[in-house]
Student: 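Can you read through this structure? Questions will come right after.
The analysis underlying the following values was restricted to heavy atoms, covering all of them including side chains, and did not include hydrogens, waters or symmetry mates.
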Amino acid sequence: MVSLSAPEQAATHAVTNQPPPLVPYDASDDPVLLEGLRREGADWAEEDIRHLGLRAGSAEAQEWADQANRHEPVLRTHDRYGNRVDEVDFHPSWHHLMRTAVAEGLAGTPWAEERTGAHVARTAGGLVWGHTDAGHGCPTSMTYAAIPALRREPELAKVYEPLLTGREYEPELRVPTEKRGLLAGMGMTEKQGGSDVRTNTTTATPTAEAGVYTLRGHKWFTSAPMCDVFLVLAQAPGGLSCFLLPRVLPDGSRNTFRIQRLKDKLGNRSNASSEPEFDATVAWLVGHEGQGVKTIIEMVNCTRLDCVMMSATLMRRTLVEAGHHARHRSAFGARLIDQPLMRNVLADLALESEAATTLTLRLAGAADRAVRGDTGEQAFRRIATAVGKYWVTKRGPAFTAEALECLGGNGYVEDSGMPRHYREAPLLSIWEGSGNVNALDVLRALRREPDTAQALFGELALAQGADARLDTAVARLKSMLATASETSARRLVEHMALTLQASLLVRHAPPAVADAFCATRLGGDWGHSFGTLPDAADVDAVLRRALPGDN
């Protein structure tokens, strides 16, 4: 019998040609992000963003993200005695992520900030902290978005806004005004309508007390049901109206908020999404009866910006992972990062990522200036946010699939984290209106609010004469607007988005980036998948900018 030593016995298990762990890394190590932060008026936040980027890429935070998704939230409808409680239990890692996000001002804090650029700083924070987990971005986003709608009812805002803008995370269900910080959710959609919220059947009956109603109905998709308060739509005697609904009433009793089930979702699994039922549920009117959609429209602008932000974050996160793998993996006698075709793929992804991040921060800048009274930025924000929501979120799934493929079979296993990012990507194009809803919203804005088109073309004019392909694209966009129809709405909005992204890159990105983007996205020198940049593209320059470290 042949006797083998321990090293010989284990020889077949030796691991070679595999990349080292990416973690820890700096999620803020991105010149596109930092340049945009400064450009849009939030340079004062750079130190905080850099600190948060290091924390996001730490082993601890990445472990929180992994555990929060592996241990999904669990619904408890009753306590041990049979009392209805309707609570959702989360893994401790979820609470660690939430506590950090709220403490870093990623929820409602910007509305309490007087400094210019506060909304930009929050968006930049989301672009780096989103490298952890996307699910907990849902309650922070809804909390951020709820405040401008709540301000339609000053007396309610006086009570709840200081708590919604705070930096304290207290997850327990208690009387809201007895807590140091609150989270807000929203309940708009119902089974029969989805995005067509005007078909909602939940009813609101006035009580003897002014402004107080009781609701009865069933919401179809209400995320983060453990939030403290919710903005919901219901049919009042005067028409569809907006209401503020607390989970716990001022006297300490539980409001009727029966969670029928949690959704079994494709992605976003760390976050609970539910179907609550209302039955004599107490709520307070926000705004006027019959003006529910008008009341919440500002909230939609905020959450759509966050959809763009999270898509850009997923792009950057998966690009960093793909670049790290390519830098350390070899095939056919060379590192992947040194092989021309892989460099083409990574550079193409880098162009898409830079365009998405640049547009995200421009939209955040518009939001910041719009809330401070800049009417031109208000018009630009109205049209450009809908355009960005349509296009950037559409690009997310294709992008993450290509980045995953850069890892080959390694990217297809759960341990890599890439499948989680891939499952997350489609959500952003669905939440706050699917592609058709956003495309038609762009048409609606153009027809009803002429100043939006003026604002868009005013922005594009800032790059006039810098690139002939861009000038041609702007001229084409003007002709497309003249014949725009519902049938062609997606094509119109796609061209709007690409033209807007190109104009921003021509103005702010290095020439190699702007030239490659215009040549491919506007000039047609491109294939049908990533990795089809023309030979003339300066791939090396693009990659030096996009991937930190030696490549």
Student: Is there a salt bridge (Lys or Arg N to Asp or Glu O under 4.0 Å) between Asp133 and Arg269 once you walk through the steps?
Tutor: CA-CA 10 Å; Asp133 159 71; Arg269 299 185 74 89; over 6 Å; no
Student: Treating Asn200 as the side-chain partner and Thr202 as the backbone partner, does any N or O pair qualify as donor plus acceptor under 3.5 Å?
Tutor: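 Answer holds: no.
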Student: Check whether Gln260 reaches the backbone of Glu277 with its side chain - one donor and one acceptor, N or O, closer than 3.5 Å.
Tutor: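 No.
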Student: So, Glu172 and Lys179, do they make that salt bridge, N to O below 4.0 Å?
Tutor: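 Between Lys179 and Glu172 there is no salt bridge, as every charged N stays at least 4.0 Å from the carboxylate O atoms.
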Student: Salt bridge check: are Arg362 and Glu377 linked by an N-O gap of less than 4.0 Å?
Tutor: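 Result for this pair is yes, salt bridge flagged.
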Student: Does Ser503 form a side-chain hydrogen bond (donor to acceptor under 3.5 Å, both in side chains) with Glu459? I'd like the steps, not just the answer.
Tutor: CA-CA 8 Å; Ser503 72; Glu459 178 77 13; 5.5 Å; no
Student: Is Arg247 salt-bridged to Glu87, going by a charged N under 4.0 Å from an acidic O?
Tutor: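 No, Arg247 and Glu87 are not salt-bridged.
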Student: Between Ser141 and Cys138, is there a donor-acceptor pair closer than 3.5 Å when you use the side chain of the first and the backbone of the second?
Tutor: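 No; judged by distance alone, with no hydrogens or angles, the pair does not exist.
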Student: Could Asp86 and Arg84 be called an ion pair, given the rule that one side-chain N must be under 4.0 Å from one carboxylate O?
Tutor: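 Answer for the salt bridge query: yes.
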Student: Hey, are Lys219 and Glu275 close enough for a salt bridge, meaning a charged N less than 4.0 Å from a carboxylate O?
Tutor: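 Looking at Glu275 together with Lys219, the answer is no, because their closest N to O distance does not fall below 4.0 Å.
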Student: Between the main-chain N or O of Thr199 and the side-chain N or O of Gln192, is there a donor-acceptor pair closer than 3.5 Å?
Tutor: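 Yes.
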Student: Has Asp374 got a side-chain atom pairing as donor or acceptor with Ala370's backbone, closer than 3.5 angstrom?
Tutor: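 Between the backbone of Ala370 and the side chain of Asp374 there is no qualifying donor-acceptor contact (under 3.5 Å).
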Student: If we ignore hydrogens and angles and just use 3.5 Å, is the side chain of Asn255 paired with the main-chain N or O of Leu249 as donor and acceptor?
Tutor: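 Side chain of Asn255 to backbone of Leu249, a donor-acceptor pair under 3.5 Å: no, none is there.
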Student: By the definition side chain to side chain contact (heavy atoms under 4.5 Å, CB included), identify the one residue from Thr360, Asp43, Leu363, Asp368 that meets it with Val120.
Tutor: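 Only one option passes, and that is Asp368.
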Student: Assign the ring pair Trp129 / His136 to parallel, tilted or perpendicular, where the plane angle (0 to 90°) is split at 30° and 60°.
Tutor: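 Rings of Trp129 and His136: perpendicular, over 60°.
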Student: Is Glu449 salt-bridged to Arg382, going by a charged N under 4.0 Å from an acidic O?
Tutor: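 Salt bridge flag = yes for Arg382 with Glu449.
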Student: Whether Glu486 and Arg447 form a salt bridge (side-chain N of Lys/Arg under 4.0 Å from carboxylate O of Asp/Glu) is what I want to check.
Tutor: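 Answer for the salt bridge query: no.
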Student: Check whether Lys158 reaches the backbone of Glu153 with its side chain - one donor and one acceptor, N or O, closer than 3.5 Å.
Tutor: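 Flag not set: sc Lys158 to bb Glu153 has no pair under 3.5 Å.
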Student: Taking only Lys NZ, Arg NE, NH1 and NH2, and the carboxylate oxygens of Asp or Glu, determine whether Glu298 and Arg381 approach each other closer than 4.0 Å.
Tutor: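 Yes, this pair counts.
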